[in-house]
S.K.: 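Have a look at this one before I ask anything.
Index from 1, following the sequence. The structure displayed is predicted, hence computed values, not measured ones. Start at 1 and go down the list; that is how both ligands and their atoms are numbered.
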Amino acid sequence: MNIRKETRDTDGPNHVAIIMDGNGRWATQRGKPRLFGHQAGARRVREVVKACPDLGVKYVTIFAFSTENWKRTQTEVAGLMALFRRYIQREANYLHRMGVCVRFIGDRVRLDKKLQALMDFLEDLTKDNSTTHLTIALNYGARDEVTRATQRMAVEVAEGRLKPEQVNSEVLASFLDTYVLPDPDLVIRTSGEARISNFLLWQSAYAEYEFIDTHWPDFTPEVFEAVVNRYGGRDRRFGAARA
Ligand code: FPP
């Protein structure tokens with residue numbers, strides 16, 4: 001796996017993380033079942049990933065299924081899992097041809113074996129690509145990620161490979177699912193809710209946030225470009241005083 005963290009020298013965001021919200025409402029507004037909205041959402045993922053190189057976005061991370069999403073109806077959960085399987089089967093070659101390196105973050109253990117096998121296959125197929133880094137958060141929750149990281153770190157300490165006084169923010173970050181990724185510069189949430197919903201809490205400490213009203217299935221490359229361009233004008237100081 002390529003663990004080089006690429007940075008860029010232009011003003012735009014290097015890493016954009018997206019909470020893809022509003023599929024259900026988009027479908028309901030059209031008198032359709034919620035899964036119809038998720039299917040439309042999956043088609044947007046393709047367009048957004050394709051737009052990244054032109055926008056100078058090297059890393060894009062999308063929130064596809066949270067650790068809390070299991071609370072949805074069995075029909076919706078099963079429909080989403082089938083959608084993820086189909087997405088990987090249908091898009092694998094296209095993503096590979098576009099030079100996209102795909103990674104998954106989240107706890108895979110609860111996902112069905114067929115989906116886990118497809119995730120492994122897609123990661124392996126695309127591992128040497130570097131045009132765009134697409135990370136898909138599947139059964140992901142930031143508190144769950146930090147908890148799993150802490151458990152693994154505790155094992156290292158208990159077995160004598162890590163001293164408690166060696167634990168610092170870099171060491172902790174190296175145990176997170178995102179250890180190979182740079183921190184997000186920009187977090188976008190669609191569909192009008194101004195919440196983070198347990199997404200990349202540690203990694204987004206200094207990110208800019210954009211909460212936009214557009215439902216995810218209406219998030220065209222043009223909308224993406226407009227949000228990315230707004231970011232370019234911001235003054236990020238990472239806690240330092242204004243110059
Ligand atoms: C939130 O909208 C969306 C989700 C929980 C699922 C996101 C999944 C996709 C966009 C499908 C495709 C993804 C991949 C990687 C193929 P919501 O259902 O909460 O919408 P609502 O708030 O309007 O009900």
S.K.: Looking only at protein heavy atoms, which one is nearest to atom 1 (C) of ligand 1, and how far off is it?
M.R.: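 I find the closest protein heavy atom is Met20 O, 3.2 Å.
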S.K.: Counting heavy atoms only, name the option from Arg34, Arg90, Arg43 that's nearest to atom 24 (O) of ligand 1.
M.R.: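 Nearest option to atom 24 (O) of ligand 1, by heavy atoms: Arg34.
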S.K.: Atoms of ligand 1 less than 4.0 Å from Asn69 heavy atoms?
M.R.: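 Per the distance check, 5 (C).
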S.K.: Could you work out, for atom 13 (C) of ligand 1, the closest of Phe65, Phe84, Phe63 by heavy-atom distance?
M.R.: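 Looking at heavy atoms only, Phe84 sits closest to atom 13 (C) of ligand 1.
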S.K.: Mind checking whether Ile88 and Phe104 have side chains closer than 4.5 Å, heavy atoms only?
M.R.: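 When only atoms from C-beta onward are counted, Phe104 and Ile88 do touch, with a gap below 4.5 Å.
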S.K.: Can you tell me which residue and heavy atom of the protein come closest to atom 7 (C) of ligand 1, and the distance to 0.1 Å?
M.R.: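 Closest protein heavy atom to atom 7 (C) of ligand 1: Ala64 O, 3.4 Å.
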S.K.: Can you pull out the closest protein heavy atom to atom 9 (C) of ligand 1? Residue, atom name and distance to 0.1 Å, please.
M.R.: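 Result: Asn23 ND2, 3.6 Å.
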S.K.: For Asp21 and His215, indicate whether the former's side chain and the latter's backbone hold a donor-acceptor pair under 3.5 Å.
M.R.: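 Not at all, since once roles are kept as given, no pair shorter than 3.5 Å links the two residues.
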S.K.: Just jot down the ligand 1 atoms closer than 4.0 angstrom to any heavy atom of Ala42, in number order.
M.R.: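 Reading through ligand 1 atom by atom, the close ones are 12 (C), 16 (C).
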S.K.: Nearest to atom 21 (P) of ligand 1, what protein heavy atom do you find, and at what distance?
M.R.: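 Protein heavy atom at minimum distance: Arg25 NE, 3.6 Å.
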S.K.: Give the residue, atom name and distance (to 0.1 Å) of the protein heavy atom nearest atom 4 (C) of ligand 1.
M.R.: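 The answer is His38 CE1, 3.9 Å.
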S.K.: Determine, step by step, whether Leu134 and Tyr59 satisfy the side-chain contact (heavy atoms from CB on, under 4.5 Å) criterion, reporting the C-alpha distance in whole Å, the side-chain angles of both residues, the deciding distance to 0.1 Å, and the verdict.
M.R.: CA-CA 6 Å; Leu134 168 65; Tyr59 292 82; over 6 Å; no
S.K.: Of Asn129, Thr126, Asp128, which is the lone residue that meets side chain to side chain donor-acceptor pair (under 3.5 Å) with His96?
M.R.: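 Answer after filtering Asn129, Thr126, Asp128: Asn129.
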S.K.: State, yes or no, whether a side-chain contact exists between Val171 and Leu162 at a heavy-atom distance under 4.5 Å.
M.R.: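 A side-chain contact under 4.5 Å exists here.
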S.K.: Identify, by atom number and element, the atoms of ligand 1 in contact range of Tyr87, meaning under 4.0 Å from any of its heavy atoms.
M.R.: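 Ligand 1 atoms under the 4.0 Å threshold to Tyr87: 16 (C).
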S.K.: Quick check: do Ile19 and Thr190 have side-chain heavy atoms less than 4.5 Å from each other?
M.R.: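 The answer is no, as the side chains (C-beta and beyond) never meet within the 4.5 Å cut-off.
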S.K.: Fit a plane to each ring of Phe84 and Phe65, take the angle between them on a 0 to 90° scale, and name the class: parallel (under 30°), tilted (30 to 60°) or perpendicular (over 60°).
M.R.: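 The rings of Phe84 and Phe65 stand perpendicular, inter-plane angle above 60°.
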S.K.: Of Lys58, Arg103, His15, which is the lone residue that meets side chain to side chain donor-acceptor pair (under 3.5 Å) with His133?
M.R.: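 Option passing the side chain to side chain donor-acceptor pair (under 3.5 Å) with His133: Arg103.
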S.K.: Would you say ligand 1 has an N or O under 3.5 Å from any N or O of Arg72?
M.R.: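 Indeed, backbone or side chain, Arg72 has an N or O that close.
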S.K.: Using a 3.5 Å cut-off on N or O atoms only, is Gly22 in polar contact with ligand 1?
M.R.: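 It does: an N or O of Gly22 is found under 3.5 Å from an N or O of ligand 1.
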S.K.: Looking at Arg195 and Glu193, does any basic side-chain N land under 4.0 Å from a carboxylate oxygen?
M.R.: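 Answer for the salt bridge query: yes.
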S.K.: Consider every N or O of Gly24 and every N or O of ligand 1, then say whether any pair is closer than 3.5 Å.
M.R.: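 Gly24 vs ligand 1: N/O contact under 3.5 Å present.
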S.K.: Should Ser191 be counted as touching ligand 1, given the test is an N or O pair under 3.5 Å?
M.R.: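 No: no nitrogen or oxygen of Ser191 is under 3.5 Å from one in ligand 1.
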S.K.: Output yes when the distance from some N or O of ligand 1 to some N or O of Trp216 is under 3.5 Å, and no in every other case.
M.R.: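 It does not: no N or O of Trp216 is found under 3.5 Å from an N or O of ligand 1.
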S.K.: State, yes or no, whether a side-chain contact exists between Tyr140 and Thr67 at a heavy-atom distance under 4.5 Å.
M.R.: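 With C-beta onward as the side chain, the pair stays apart.
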